[in-house]
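Only one structure is covered here, and it is reproduced in the block below.
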Protein chains: 2
Amino acid sequence: MSTISLNRILSNVKENGHKLTPQRRYIIEIMMKNNQEHWSTEEIYAEVKKVCPEIGIATVYRTVQMLEELNLLTKHHFSEGCSRYEFADETKNHNHHHIVCTKCGKVMEIQDTYFDELERHIQDDMNFNITNHTVTFYGICEDCKE
Amino acid sequence: MSTISLNRILSNVKENGHKLTPQRRYIIEIMMKNNQEHWSTEEIYAEVKKVCPEIGIATVYRTVQMLEELNLLTKHHFSEGCSRYEFADETKNHNHHHIVCTKCGKVMEIQDTYFDELERHIQDDMNFNITNHTVTFYGICEDCKE
DNA sequence: ATCACTGCAAACTATTTGCAAAAAG
DNA sequence: CTTTTTGCAAATAGTTTGCAGTGAT
């Protein structure tokens, strides 16, 4: 699954006329390999630097931006400071729930289709004390359709 | 309703040991009076400046931060650039849906309790082309409870 | 009169951009 | 060989902070 997805990503990048540089490979591989789901740019940078010390953070920013434009990455704005990225997985996409700790900022993921009961389950099963939630839809509004 | 809430906010600020300065009054009044629901700091600043030209943007930042700590304002991270604030209304809170145009950044609000059907309704009734959605729960995680 | 609050400017953090050198195709 | 991409450093944008003066209670 991981390998299949990796190849899918890599060929998608090439097919869209982008070059496959070592830096881009490293970024994609590390983001997919590691079990941490939601990456900040700093985290990606630090991790890639271990294996490719010459990389600059601008490259990380440009790469995630490119991947987002190809709809391969999803950008999240959970809380303060920085955006976080995760690979868009079509199996779970568009039905995508997150729980965010307002104290430590940790982001956890839930994959469920129910919703009203969901909250109770999170409280009970995950021992997560929900204080608030937001549901946000992204899209193109009436005025912006040309 | 507007007046009741305004007084509620103002006394809440005082009761918590904070002083009611003209700047704070202006910020609260303007945010409540205007029909625009989701305010960026720049927008608040520009609006207050019309009636109180000497205000500094740091005061706006400090005020919304204070109001957020009192749980009077809710902070949102809809998309790029800046946070947006709206008054926490207990009647609609915790059941709070937003639609965000990814082209112009406009934020619109929906007040509904249904959810699965909701998306279809937004598409049809509001002529808003949904491309993605996120559901985010905020709270305190297991590790952070002391 | 006291202590919180303000405005200003400087500091800080996340992100973007210009550019010359490097490298992918 | 051409055109994209890179790393660096400088620029930008949003937000925070230090500080001396101001003002609410």
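All values below were derived from every heavy atom in this structure, side-chain atoms included, with hydrogens, water molecules and symmetry-related copies excluded. Letters A, B, ... mirror the listed sequences (proteins, then strands); counts begin at 1.
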(request) Grab the NZ-C1' distance between B:Lys19 and D:dT22 for me, whole Å please. (result) 11 Å
(request) Find the distance between OG (B:Ser5) and CD1 (B:Ile28) and round it off to the nearest 0.5 Å. (result) 12.0 Å
(message) Do A:Glu47 and A:Tyr26 have side chains that approach each other closer than 4.5 Å (heavy atoms only, starting at C-beta)?
(response) no
Could you go through nucleotides 7-12 of chain C and list every protein N or O atom that sits under 3.5 Å from one of its N or O atoms, giving the distance for each pair?
from	atom 1	to	atom 2	distance (Å)
C:dG7	OP1	B:Gln23	NE2	3.2
C:dG7	OP1	B:Glu54	O	3.1
C:dG7	OP1	B:Ile55	N	3.3
C:dG7	OP2	B:Gly56	N	3.1
C:dG7	OP2	B:Thr59	OG1	2.2
C:dG7	O5'	B:Glu54	O	3.4
C:dG7	N7	B:Arg62	NH2	2.8
C:dG7	O6	B:Arg62	NH1	3.4
C:dG7	O6	B:Arg62	NH2	3.2

(message) Please pick, from D:dA24, D:dT25, C:dC5, the nucleotide with the shortest atom-to-atom distance to any side-chain atom of B:Pro22.
(response) D:dA24
(request) Taking the side chain as every heavy atom from C-beta outward, state whether B:Val13 and B:Leu72 have any atom pair closer than 4.5 Å. (result) yes
(request) Specify the residue among B:Gln65 and B:His18 whose closest nucleotide of DNA chain D lies further upstream toward the 5′ end. (result) B:Gln65
(message) Measuring only between side-chain heavy atoms, which start at C-beta, is A:Arg24 closer than 4.5 Å to A:Met66?
(response) yes
(request) Return the value, rounded to whole Å, for the distance between atom CZ of B:Arg25 and atom P of C:dA4. (result) 20 Å
(request) Let me know the distance between CD1 of A:Ile44 and C1' of C:dA14, rounded to the nearest Å. (result) 14 Å
Show me the protein contacts with nucleotides 11-14 of chain D, counting only N or O atoms at under 3.5 Å.
from	atom 1	to	atom 2	distance (Å)
D:dG14	O3'	B:Gly81	O	3.3

(message) To the nearest 0.5 Å, what is the distance between CD1 on A:Ile57 and OG1 on A:Thr41?
(response) 6.5 Å
(message) Within the 4.5 Å heavy-atom criterion, are A:Phe78 and A:Arg84 side-chain neighbours or not?
(response) yes
(request) For B:Met66 and D:dT15, give me the distance from atom CE to atom C1', rounded to whole Å. (result) 18 Å
(request) Measure from the side-chain heavy atoms of B:Arg24 and tell me the nearest of D:dT25, C:dG25, C:dT6. (result) C:dT6
(request) Measure the shortest side-chain to side-chain distance between B:Leu6 and B:Glu29 over non-hydrogen atoms and say whether it is less than 4.5 angstrom. (result) yes
(request) Indicate yes or no: at least one non-hydrogen side-chain atom of B:Ile30 is less than 4.5 angstrom from one of B:Ile44. (result) no
(request) Assign B:Pro53 to base, sugar-phosphate, or nothing according to its heavy-atom contacts below 4.0 angstrom with the strands shown. (result) nothing
(message) So, taking the atom named NZ in B:Lys50 and the one named CD1 in B:Ile55, what distance separates them when rounded to the nearest 0.5 Å?
(response) 13.5 Å
(request) May I ask you to verify if any side-chain N or O of A:Thr21 is less than 4.0 angstrom from the OP1 or OP2 atom of D:dT6? (result) yes
(request) Whole angstrom is fine here: how far is it from CG in A:Leu67 over to C1' in D:dT5? (result) 14 Å
(request) Taking the side chain as every heavy atom from C-beta outward, state whether A:Met31 and A:Tyr85 have any atom pair closer than 4.5 Å. (result) yes
(request) Grab the NZ-P distance between B:Lys14 and C:dA4 for me, whole Å please. (result) 17 Å
(message) Tell me the interatomic distance from B:Glu15, atom CD, to D:dA24, atom C1', rounded to whole angstroms.
(response) 17 Å
(request) Just report the end-to-end axis angle for the helix from C:dA1-D:dT25 to C:dG25-D:dC1, five pairs per end, to 10 degrees. (result) 40°
(message) Quick one, A:Thr21 and A:Thr59 - any side-chain contact, counting heavy atoms below 4.5 Å?
(response) no
(request) May I have the distance from B:Tyr26 (atom OH) to C:dC5 (atom P), rounded to whole angstrom? (result) 18 Å
(message) Rounded to the nearest 0.5 Å, what separates atom NE2 in B:His76 from atom NE2 in A:His77?
(response) 14.0 Å
